[in-house]
Number of protein chains: 2
Amino acid sequence: MLACKTPKLEAPELGRCFACLIRERGICGALSEQQLLKFKHIARHRTYRPGERILSSENAADFLGAINSGVVKVTKILADGRQQIVGLLFPPNCVGHTYGKTNAYFVEAATPVELCCFERGGFDRLSAEYPGLSRHLLDQTLKELESAQDWMVLLGRKTAEEKVASLLLMLATRAAPSHDCNGYKAPRVAEFELHLKRDEIADFLGLTYETVCRQIAALKKRDIVRFSGTRRFSVPDLEPLATLAG
Amino acid sequence: MLACKTPKLEAPELGRCFACLIRERGICGALSEQQLLKFKHIARHRTYRPGERILSSENAADFLGAINSGVVKVTKILADGRQQIVGLLFPPNCVGHTYGKTNAYFVEAATPVELCCFERGGFDRLSAEYPGLSRHLLDQTLKELESAQDWMVLLGRKTAEEKVASLLLMLATRAAPSHDCNGYKAPRVAEFELHLKRDEIADFLGLTYETVCRQIAALKKRDIVRFSGTRRFSVPDLEPLATLAG
DNA sequence: CGTTGGATTGATATGTTTCAAGTGGAGTGG
DNA sequence: CCACTCCACTTGAAACATATCAATCCAACG
């Protein structure tokens, strides 16, 4: 992975930033080297194990964290325990925008996760100086909003089969570009990681885990997806999957 | 309405902005009078009738519009015609962030709508000078994202009864503060406007319009809401409604 | 007074959930 | 190396909520 980082002349003080996997694509991409240096001073690296809580409504965020690696899931919960995953975040996106209090929520690591965290006060102070940064954050948030809206269509209007197909399609198509680096294209029929357990998938799709099981089983039987084990799958041909996704 | 605008000393050139209903709360709230003047030069007032298309995926937005009055709905559509309302926008929010092309969408007036529109290029050029503006837009977008996520919980996990109750509750609670002005409190048992037709409500809640009808009828029978006509309602007591909303 | 578009109500069909039982693999300890 | 346990996953049958299909109803309007 590190091997494909573009070597560039950078201030040696940048240290870890120099090797950062999301240096170009993340929020830091909006910064010059001098600016980056200032941010580095308030940055702190954190790691989380799968399932570990990153923040929640009881435990408000005092930091903004850029995801270096791993997958983060955001879950909202109703009073009686029903829950809905309202977002999956991948590198180079950010966690830590504070949410309101309409519903309780929590943010946790779905896989091993590395964050680059900025203490909120310091970040806001610095970002006021660099307009490009909040512009960048705005773009990122708009993209999140758009995915949220697409997911609303899925939740409100798609059938169970379409929901499952959509999820697999989403993972298959979005996993691809994240695995290539500087133009390297992953082979067509790659294996993709299903980062979630069956009940998490259910919470993402607004179904029960039994229904998820049955739908996955049906897709396997029709050879539209192939599973090795329970969490890795490949897609022989994207087209029929895309058709089913609606 | 105009009567409750706080009179303030402002540059006379501001003209329409002087009387703008969302001057304080909208994006212009982030601007000084001098800055506002520059924006006024590229601003254009537009009005739309109920049902009129404001923009869509075929007809990409070349402007950003702050909603002065009225309600705007954003709808996404699947290839086979199923549709889902993914957002209702009220003053002083903005329309015109371009969306991607995952799903076709359109944005239209749900009621008579007034927009204050900024041609995109000019707006971006000016906003680069005023960092407060994209910060403001970011905050607004984060709020939209949060409502979208709350709606995902509703779509994915709530029952038909809870969905309808949630919508009525949302309109009742969010309509209240928008009707008072400078601290004036609306009377406790006010009438609220249901800006949408039954089938639009259905598209908003991920139901069929028959189901919406039945659920509304059930709420009426239990005297949890009272309808006058088909589009106006009052809530004798918010508590039972809130309980049903889940 | 007929027409029209939205809203309502009823009967039936169906997809998904619920409840319940069973499988299979990974890890553990004898 | 083999039971044993645990946890995630799978599968089946029955129950249920919502969708679908089909009549009306009703108010607005020309």
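Just so it is clear: chains get the letters A, B, ... in the order the sequence lines come, proteins before strands, and each one is counted from 1.
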Is the side chain of [X] donor-acceptor paired with the backbone N or O of [Y] at a distance under 3.5 Å, no angle test?
| X | Y | value |
| --- | --- | --- |
| B:Trp151 | A:Gln149 | no |
| B:Arg46 | B:Ile54 | no |
| B:Thr47 | B:Glu114 | no |
| A:Gln84 | A:Ile77 | no |
| B:Arg44 | B:Glu119 | no |

Could you tell me whether B:Lys163 contacts a base, only the sugar-phosphate backbone, or nothing, with contacts defined as non-hydrogen atoms closer than 4.0 Å? nothing
If you draw a 6.0 Å radius around CZ in B:Arg53, do more than 12 non-hydrogen atoms from other residues or ligands fall strictly inside? yes
Salt bridge (Lys or Arg N to Asp or Glu O under 4.0 Å) contacts in which one or both residues fall within residues 62-86 of chain B, not counting sequence neighbours: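 Residue pairs passing salt bridge (Lys or Arg N to Asp or Glu O under 4.0 Å), neighbours aside: A:Glu146-B:Lys76, A:Asp150-B:Lys76, A:Glu162-B:Arg82, B:Lys73-B:Glu108, B:Lys73-B:Glu200, B:Asp80-B:Arg82.
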Round to a whole Å and report the spacing from NZ of B:Lys221 to C1' of C:dT9. 10 Å
When rounded to whole Å, the CG to P distance for the pair B:Leu219 and C:dT8 reads 12 Å
Nucleotide N/O to protein N/O under 3.5 Å, stretch nucleotides 18-21 of chain C:
residue	atom	partner	partner atom	Å
C:dT18	O4	A:Arg214	NH2	2.8
C:dC19	N4	A:Glu210	OE2	3.2

CD/A:Glu210 to CG/A:Asp199 distance, rounded to the nearest 0.5 angstrom?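 Taking CD in A:Glu210 and CG in A:Asp199, the distance rounds to 10.0 Å.
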Close residues, residues 73-84 of chain B, relative to DNA chain C [heavy-atom separation under 4.0 Å]: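 Going residue by residue through residues 73-84 of chain B, none turns out to have a heavy atom under 4.0 Å of DNA chain C.
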Enumerate the residues from residues 194-207 of chain B whose closest heavy atom to DNA chain C is under 4.0 Å, giving them by residue number; use none for an empty result.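 Residues of residues 194-207 of chain B that come under 4.0 Å of DNA chain C are, in numerical order, B:Lys197, B:Arg198.
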Does B:Arg157 form a side chain to side chain contact (heavy atoms under 4.5 Å, CB included) with A:Gln83? I'd like the steps, not just the answer. CA-CA 7 Å; B:Arg157 289 304 185 198; A:Gln83 51 186 64; over 6 Å; no
If you compare all heavy atoms of B:Asn68 against all heavy atoms of B:Cys20, which two are closest, and at what distance to 0.1 Å?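 Residues B:Asn68 and B:Cys20, closest heavy atoms: OD1-SG, 3.4 Å.
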Side chain to side chain contact (heavy atoms under 4.5 Å, CB included), that's the test. Do A:Val107 and A:Val72 meet it? Break it down for me. CA-CA 7 Å; A:Val107 179; A:Val72 172; 3.4 Å; yes
Between A:Leu194 and A:Leu171, is there a side-chain heavy-atom distance shorter than 4.5 Å?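 Yes, close enough: below the 4.5 Å cut-off.
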With a 4.5 Å cut-off on side-chain heavy atoms, are B:Val71 and B:Val113 touching?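 No; the side chains remain at least 4.5 Å from each other.
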If the plane angle is over 60° it's perpendicular, under 30° parallel, otherwise tilted; pick one for A:Phe233 and A:Phe192. tilted
Taking any atom under 4.0 angstrom from a heavy atom of chain A, which nucleotides of DNA chain D are the first and last to qualify, 5' to 3'? D:dA8 to D:dA13
Assess whether a salt bridge exists between A:Glu161 and A:Arg222, defined as any Lys/Arg side-chain N lying under 4.0 Å from an Asp/Glu carboxylate O.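 So A:Glu161 pairs with A:Arg222 through a salt bridge.
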Can you sort out which residues in residues 154-161 of chain A have a heavy atom within less than 4.0 Å of DNA chain D? Ascending by number, please.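 Heavy-atom cutoff 4.0 Å gives no residues at all.
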